[in-house]
Amino acid sequence: MSAPIRVLLVDDQLLVRSGFSLILSVEDDLEVVGQASDGAEAVRLTRELRPDVVLMDVQMPVMDGIEATRRIVADDLARVVILTTFDRDDYVFAGLAAGASGFLLKNADADHLIEAVRAVSGGHALLAPEVTRRVIEQMTSGPVTGAGAGPRPVDRDARLDDLTPRELEVLGLVGRGLSNAEIAGRLFVGEATVKTHLSNVFAKLHLRDRVQAVVLAYEAGLILPGDPEDQPDG
């Protein structure tokens with residue numbers, strides 16, 4: 001039997017941490033190894049305990065969850081899931097920039113919480129399609145502050161040169177928010193083939209997960225502002 005997934009809980013409210021701990025601890029493949037009440041303590045305990053996944057609140061004293069996430073991910077200490085009471089875009093974008101692997105509302109049901117930890121531990125991004133599309137809209141609208149804010153022209157990125165034409169195509173479709181099943185349908189291939197291409201893309205571009213793939217697709221100029229395929233199917 002493989003070792004359980006090690007989880008660190010970070011929230012300034014004891015009741016929230018206790019509730020999450022109770023839900024996760026009954027699962028044989030999950031182990032809550034520690035709890036922190038602020039971001040600074042979260043960084044310290046992550047270094048000390050080396051959890052696989054950190055469930056991170058955003059608004060906390062001493063150091064907020066976004067800065068704590070940035071420090072944890074920068075040193076490749078663990079994968080981080082941002083916890084929030086609100087489905088707020090500013091948290092989403094700040095968390096993505098900090099390197100979070102996904103987002104989870106605190107009112108998510110127990111099964112969703114458990115599956116989220118397992119998914120992120122396995123290297124998957126936890127980003128709902130509607131959130132992915134909001135990220136796309138934000139990235140194609142340019143900076144949100146400053147005079148003359150708007151779409152910026154982006155030159156073709158040299159990082160893409162190592163990809164095959166099909167891998168490039170898969171990255172572009174991931175960037176538009178399509179799931180593996182949707183990509184398979186679009187390209188008339190099996191999902192296993194899509195997963196293989198995606199694994200190659202991640203390895204060649206040193207991407208941690210699907211969230212980073214979405215960000216890179218826009219940063220690299222693979223998808224341009226106003227691309228009609230940025231809109232979801234249907």
For [X] and [Y], which heavy atoms make the closest approach, and how far apart are they?
X	Y	value
Val62	Ala40	CG1-CB, 3.7 Å
Ala36	Glu41	CA-OE1, 3.5 Å
Leu83	Phe20	CD1-CE1, 3.5 Å
Glu31	Pro4	OE1-CG, 3.6 Å
Ser37	Arg17	CB-NH1, 3.7 Å
Pro51	Ala78	O-CB, 3.4 Å

Quick check: does any side chain N or O of [X] sit under 3.5 Å from a backbone N or O of [Y], one acting as donor and the other as acceptor?
X	Y	value
Asp64	Ile66	yes
Glu67	Met63	no
Glu167	Thr164	yes
Arg50	Arg6	no
Ser18	Leu14	yes
Ser25	Ser21	yes

Min side-chain heavy-atom separation [X]-[Y] under 4.5 Å:
X	Y	value
Lys106	Asp11	yes
Leu173	Glu182	no
Leu163	Leu205	yes
Val81	Val117	no
Arg47	Asp75	yes
Val170	Leu187	yes

Problem - Side-chain ion pair, Glu191 and Lys195, N-O less than 4.0 Å - result: no

In Å and rounded to the nearest 0.5 Å, what is the [atom1] to [atom2] distance from [X] to [Y]?
X	Y	atom1	atom2	answer
Asp57	Thr69	CG	OG1	10.0 Å
Asn107	Thr84	CG	OG1	9.5 Å
Asp52	Leu8	CG	CG	11.0 Å
Leu24	Asp29	CG	CG	10.0 Å
Leu216	Leu171	CG	CG	6.0 Å
Leu45	Gln35	CG	CD	10.0 Å

Exercise for the section: Applying side-chain contact (heavy atoms from CB on, under 4.5 Å), run through Val189 and His197 and close with a yes or a no. Expected result: CA-CA 11 Å; Val189 298; His197 288 314; 5.7 Å; no

Problem - Over 12 foreign heavy atoms within 6.0 Å of CG, Asp76 - result: no

Handout entry: Criterion side-chain contact (heavy atoms from CB on, under 4.5 Å) on Ile72 and Val43, from CA distance to verdict
Key = CA-CA 6 Å; Ile72 289 169; Val43 175; 4.2 Å; yes

Problem - Residues which pass side-chain contact (heavy atoms from CB on, under 4.5 Å) with Ala116, listed by chain and number, not counting sequence neighbours - result: Leu104, Leu126

Handout entry: Of Thr46, Leu9, Val80, the residue whose pairing with Met56 passes side chain to side chain contact (heavy atoms under 4.5 Å, CB included)
Key = Val80

